[in-house]
Amino acid sequence: MHKNAKRVVSTIRTIPIELASDIMARVASNSLTDIANVKLSNKVLNEIAEDPYVYQNVSLQKFPVVPWNPLSEEENAFLNKCSEFRNPELLYRRGVVDYFSRNQLDSAFKWLKNAASLGHIGALYVICIILLFSDDQFKQRGINILSAMKKSREFRRKLKYCRRNLIKILRMIWVKNSLIINHRPICCAQKDQHARKEGWPSTKSEEEDNMTCDACICDTELAFIFCVLPCAQY
């Protein structure tokens with residue numbers, strides 16, 4: 001091995017593995033060509049690039065949620081690795097598509113629960129939305145979880161991002177779940193009385209700090225989602 005190459009390898013080995021893996025994840029997020037070139041450059045970098053952490057934490061922002069054109073062999077191989085090592089964003093996307101587009105509740109829950117267990121807040125948010133469409137027992141669970149998150153200062157801002165991200169995906173895919181399109185559950189049986197007391201909520205604003213009723217909070221959240229669904233006349 002050339003002296004300069006040995007020096008590079010020696011330097012790389014001094015970098016903490018967590019930091020090196022994080023760098024590789026960022027490289028892969030920007031360009032599959034770049035990460036491929038890095039892996040070919042030397043054995044040490046190839047080992048770091050193949051660390052499961054890289055595939056778990058790589059951003060999929062440049063990959064379409066539903067590809068309208070066939071993916072390349074390289075792209076398919078990369079996404080298969082992300083699936084193998086349980087990339088939370090990939091699991092989340094599969095759950096959203098399975099539920100809203102394919103009406104496959106069981107598989108959607110499987111993907112979303114796995115993503116949520118890995119810390120994906122958006123997956124937990126979508127699980128709550130799904131629960132709101134369920135029977136009374138599961139609906140109440142959704143109300144309890146979602147309203148608690150929205151009342152938490154820690155989660156409130158994150159949930160706004162989760163909502164925007166879900167709406168963005170819904171605008172990209174063909175929503176075919178008839179339950180979502182044709183049925184709007186009502187969480188609060190007294191929402192008219194609460195609206196007269198606290199004011200009618202508006203989807204033009206994302207601020208809901210004046211709401212005290214847990215069920216009303218969830219009704220307003222559903223209104224945001226229904227605004228982007230096809231054939232929804234609400």
Side-chain angles (χ1 to χ4, degrees), residues 18-19 22 25-26 29-30 53 56-65 82 86-97 99-100 108-109 111-134 138-173 175 180 184-188 191 194-195 197-229 232 234:
E18 294 83 2
L19 176 58
D22 186 59
R26 292 173 184 271
S29 299
N30 291 323
Y53 177 92
Q56 290 168 358
N57 293 276
V58 65
S59 169
L60 301 181
Q61 186 174 359
K62 293 193 175 182
F63 285 86
V65 175
C82 290
R86 304 174 72 218
N87 179 287
E89 178 64 19
L90 182 62
L91 301 178
Y92 164 78
R93 290 181 175 191
R94 286 179 174 176
V96 171
V97 172
Y99 183 70
F100 287 93
F109 250 113
W111 298 125
L112 291 168
K113 285 173 66 177
N114 284 337
S117 70
L118 295 169
H120 197 294
I121 304 299
L124 181 57
Y125 171 79
V126 174
I127 288 174
C128 290
I129 296 296
I130 294 175
L131 289 175
L132 296 181
F133 283 88
S134 305
F138 291 106
K139 180 190 290 186
Q140 188 58 51
R141 186 179 302 177
I143 291 172
N144 292 342
I145 298 173
L146 184 58
S147 61
M149 293 173 70
K150 297 200 69 171
K151 289 179 177 179
S152 165
R153 183 173 299 179
E154 177 185 357
F155 284 105
R156 189 178 305 162
R157 184 173 298 179
K158 293 179 182 179
L159 287 183
K160 289 181 181 179
Y161 171 80
C162 294
R163 177 202 299 155
R164 293 168 189 164
N165 192 41
L166 175 60
I167 288 174
K168 181 179 178 181
I169 293 177
L170 293 179
R171 285 173 172 160
M172 294 178 182
I173 65 176
V175 177
I180 296 295
R184 181 173 184 177
I186 297 175
C187 298
C188 181
K191 65 176 184 178
H194 293 165
K197 180 179 179 181
E198 300 179 353
W200 289 96
S202 171
T203 54
K204 294 181 180 179
S205 171
E206 293 186 300
E207 301 302 325
E208 305 143 39
D209 295 340
N210 63 325
M211 288 191 181
T212 57
C213 172
D214 292 349
C216 285
I217 289 174
C218 294
D219 278 327
T220 301
E221 196 62 39
L222 285 172
F224 283 104
I225 305 302
F226 271 87
C227 282
V228 298
L229 295 181
Y234 301 110

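Atom CZ of Phe133 is separated from atom CZ of Arg184 by 9.0 Å, given to the nearest 0.5 angstrom. Put simply, CD1 on Ile145 and CD on Gln140 are 10.5 Å apart, with the number rounded to the nearest 0.5 Å. Note that CG of Leu166 is 11.5 Å distant from CG of Leu159, once rounded to the nearest 0.5 Å. With values rounded to the nearest 0.5 angstrom, Cys216 atom SG is found 11.0 Å from Ile186 atom CD1. Atom CD1 in Ile127 sits 11.0 Å away from atom CZ in Arg141 (nearest 0.5 Å). For the atom pair Leu131 CG and Cys187 SG, the distance stands at 10.5 Å (nearest 0.5 Å).
Of all the heavy atoms in Gly95 and Ala108, the pair that sits closest is O-CB, 3.4 Å. Scanning both residues, Arg156 and Lys151, for their nearest heavy atoms gives NH2-O, 3.4 Å. Listed here is the closest heavy atom pair of Ala115 and Ala123: CB-CB, 3.7 Å. Counting all heavy atoms, side chain and backbone alike, Ser59 lies closest to Ser29 at N-OG, 2.8 Å. Taking each heavy atom of Val58 and Cys82 in turn, the nearest pair found is CG1-SG, 3.7 Å. When every heavy atom of Pro185 is checked against every heavy atom of Leu222, the shortest pair comes out as CG-CD1, 3.8 Å.
Surrounding NZ of Lys139 are more than 12 heavy atoms belonging to other residues, nucleotides or ligands, all under 6.0 Å away.
Legend: residues meeting side-chain hydrogen bond (donor to acceptor under 3.5 Å, both in side chains) with Asn165, ordered by chain and number and at least two apart, are absent. Remark: Arg26 engages Asp22 in a salt bridge (Lys or Arg N to Asp or Glu O under 4.0 Å) (not counting sequence neighbours). By the side-chain hydrogen bond (donor to acceptor under 3.5 Å, both in side chains) test, Tyr125 is found to be paired with Glu221, residues two or more places apart in sequence or in another chain being considered. By the ring-ring contact (aromatic ring centres under 6.0 Å, His included) test, Phe109 pairs with no residue at all, sequence neighbours left out. By the side-chain hydrogen bond (donor to acceptor under 3.5 Å, both in side chains) test, Glu89 pairs with Arg93, His120, sequence neighbours left out. Take Arg171 and apply the side-chain contact (heavy atoms from CB on, under 4.5 Å) test, not counting sequence neighbours, and it matches Ile167, Val228.
Using a 4.5 Å cut-off on side-chain heavy atoms (C-beta onward), Ser117 and Arg86 make contact. Using a 4.5 Å heavy-atom threshold, the side chains of Gln56 and Leu118 count as separate. Using a 4.5 Å heavy-atom threshold, the side chains of Phe100 and Ile173 count as touching.
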task: Decide yes or no on side chain to side chain contact (heavy atoms under 4.5 Å, CB included) for Phe63 and Leu90, but give the supporting numbers first.
output: CA-CA 10 Å; Phe63 285 86; Leu90 182 62; over 6 Å; no
- prompt: Yes or no on side chain to side chain contact (heavy atoms under 4.5 Å, CB included) for Ile130 and Tyr99, after CA distance, side-chain angles and deciding distance?
  reply: CA-CA 8 Å; Ile130 294 175; Tyr99 183 70; 3.6 Å; yes
field: Audit row: Leu132, Leu146, side chain to side chain contact (heavy atoms under 4.5 Å, CB included) steps and yes/no
entry: CA-CA 10 Å; Leu132 296 181; Leu146 184 58; 4.1 Å; yes
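Checking side-chain atoms of Ser152 against main-chain N and O of Ala148 turns up no donor-acceptor pair under 3.5 Å. The backbone N or O of Asn144 sits nowhere less than 3.5 Å from a side-chain atom of Asp214 that would complete a donor-acceptor pair.
Stacking of Lys158 on the aromatic ring of Tyr161 is not recorded, the 6.0 Å distance cut-off and the 45° axial limit not both being met.
Screening Leu112, Leu60, Asn114 for a side-chain contact (heavy atoms from CB on, under 4.5 Å) with Tyr92, the sole residue that qualifies is Leu112.
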